[in-house]
Amino acid sequence: MNGVRAVVIGASAGGVAALFEVLGALPPAFSLPVLCVLHLPDDRHSQLAEVLQRRLHRPVREACDKERISAGQVYVAGPSYHLSVEHDLTLSLSQEAPVHFSRPAIDFLFISAADAYGDGLLGVLLTGANEDGAKGLAYIKNNGGRTIVQDPRDAQVALMPEAALALHQPDHILTLSGIGQLLATLETRAC
Amino acid sequence: MTSERNTDIEIRLLIEAIYLKYSYDFRNYSGASIKRRILHALRQFDCLTVSALQERVLHDPGMFMQLLQFLTIPVSEMFRDPSHFLALRNEVVPLLRTWPSIKIWVAGCSTGEEVYSMAILLREEGLLERTILYATDINPHSLDKAKQGIYSMQSMREYEENYRLAGGRRDFAEYYTAAYGNAIMDSSLRDNVTFADHSLATDSVFSETQLVSCRNVLIYFNKELQDRALGLFHESLCHRGFLVLGSKESVDFSAYSERFEPLVKPERIYRKS
Ligand SMILES: C[S@@+](CC[C@H](N)C(=O)[O-])C[C@H]1O[C@@H](n2cnc3c(N)ncnc32)[C@H](O)[C@@H]1O
């Protein structure tokens with residue numbers, strides 16, 4: 001996978017553990033930005049960045065409005081605002097209606113990031129009991145980006161990966177450990 | 001991929017056409033959200049392309065008004081982020097009191113919920129009588145709703161909890177009359193409120209103020225337009241006046257970061273330095 005400039009990850013039910021496993025596999029010097037949307041109740045959302053940062057020993061921040069995306073940084077969307085990527089590679093927040101009952105919505109992050117990064121984007125959709133993200137992942141693929149779907153048999157809840165597979169043929173269908181391994185190889189080639 | 005590129009071009013043209021024809025300036029709004037809202041409107045209006053939507057909008061002012069409802073995100077709540085209003089009450093009101101007469105500007109007031117929240121808070125603090133409130137927005141439909149002050153009882157029940165958490169001291173029901181599933185706000189709350197059409201993108205300052213509240217509006221602007229809006233607020237505010245922003249907004253990355261100092265940082269309450 002050459003030329004990947006950013007990674008976007010979406011997950012819902014079972015997503016915290018899945019995210020730990022995938023991000024935990026990244027080497028310390030991983031240099032690509034990683035943007036994540038996880039569906040969580042609002043009150044748990046607010047601590048996600050902190051918890052991830054402590055456990056992963058890598059920089060994790062809740063995404064701020066108009067912040068410039070920086071290399072090697074993990075961003076998570078905070079509660080009750082959608083997170084988007086702008087063409088100038090800054091982040092923006094918004095409060096349009098929830099999508100599939102979710103705000104932040106995975107689709108909004110994926111689609112806007114595909115518009116900004118084009119074929120330089122890698123999209124990853126993990127476990128979840130919701131169809132959010134399926135459309136966005138297909139959109140990434142249609143805009144020249146690469147896509148990975150967690151193997152539904154490996155997922156704690158299969159609905160989200162299955163919804164994605166119903167819409168498009170991803171580049172890879174992998175277990176969590178397979179996704180982690182693949183991401184870990186990205187960085188060395190990116191530099 | 002080429003169709004995506006076409007869409008982006010068409011959106012720019014539509015926004016330019018709206019500016020030339022109706023003087024509403026969306027050219028410096030955050031692109032991702034504007035694009036989503038236009039594509040959403042496209043589906044609602046059964047247009048196949050943004051160009052088709054542009055043709056209708058250009059030739060039919062009524063169509064533009066309908067599109068404006070999609071472009072402006074007219075959503076609000078009373079006592080939204082209760083801790084913010086609690087901080088206003090505890091930290092700002094004691095200082096605001098020191099001015100003999102007070103002017104407050106609620107910029108991007110939408111359908112009025114924020115203005116009524118502010119008026120209720122000021123009344124409970126005994127300041128409403130000596131305060132003039134300017135409530136501005138670019139969406140005339142929202143301003144009409146704000147002037148009417150009629151909200152569904154269902155949403156009022158949610159706001160009641162916000163009101164309590166925001167340090168509300170009375171029975172929330174004292175501020176409205178219930179009728180046919182709606183709540184009609186006590187009209188004396190808006191005796192000192194002037195509702196006006198005003199754009200942070202194209203208009204200038206109209207009054208000196210002691211406090212500006214602009215919540216959940218700046219996130220829809222790009223940096224350049226955020227700086228323009230903050231410039232207006234800075235110009236309008238008197239010496240040591242207050243600026244209050246939405247919970248995800250700040251002056252930190254702006255050209256005005258040095259000219260406002262945080263008073264209650266987590267609640268996005270600043271003071272002109
Ligand atoms: C999400 S609402 C915020 C309502 C309220 N302030 C709150 O926080 O609940 C955003 C409002 O900003 C208004 N707005 C958008 N662009 C504007 C501009 N250029 N000048 C003034 N208001 C604007 C919209 O019409 C809309 O009513």
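Residue numbers begin at 1 in each chain, while the letters A, B, ... track the order of the sequences.
- Within a 6.0 Å radius of NZ in B/K145, other residues, nucleotides and ligands contribute 12 heavy atoms or fewer.
- Side-chain contact between B/N216 and A/Y81: present, with at least one pair of heavy atoms (C-beta onward) separated by less than 4.5 Å.
- Proximity to chain A (any heavy atom under 4.5 Å) is shown, for B/E249, by neither the backbone nor the side chain.
- Side chain of B/E4 to backbone of A/D115: no donor-acceptor contact under 3.5 angstrom is found.
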Derivation of the side chain to side chain donor-acceptor pair (under 3.5 Å) call for B/Q226 and A/D65: CA-CA 11 Å; B/Q226 285 190 349; A/D65 186 51; 3.3 Å; yes
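- Side-chain contact between A/S84 and B/R36: present, with at least one pair of heavy atoms (C-beta onward) separated by less than 4.5 Å.
- Judged by distance alone, with hydrogens and angles left aside, the side-chain atoms of B/K248 form no donor-acceptor pair with the main-chain N or O of A/S94 at under 3.5 Å.
- Residue-environment remark: CG (B/L20) exceeds the threshold of 12 foreign heavy atoms within 6.0 Å.
- Within the 4.5 Å cutoff, no side-chain heavy atoms of A/R68 are placed close to those of B/F253.
- Contact annotation for B/D8: only side-chain heavy atoms (C-beta onward) come within less than 4.5 Å of a heavy atom of chain A.
- Interface residue A/Q95: backbone and side-chain heavy atoms are both found under 4.5 Å from chain B.
- For A/E96 (side chain) and B/I73 (main-chain N/O), no donor-acceptor pair under 3.5 Å exists by modelled atom type.
- For A/F108, the parts lying near chain B are the backbone and the side chain together; criterion is any non-hydrogen pair under 4.5 Å.
- The shortest heavy-atom contact between B/S30 and A/K66 is OG-NZ, 3.2 Å.
- Heavy atoms of other residues, nucleotides or ligands lying less than 6.0 angstrom from NZ of A/K141 number more than 12.
- Interatomic distance, CD1 of B/I219 versus NE2 of A/H82, reported as 10.5 Å (0.5 Å rounding).
- The environment of CD in A/E86 is crowded: more than 12 heavy-atom neighbours from other residues, nucleotides or ligands sit within 6.0 Å.
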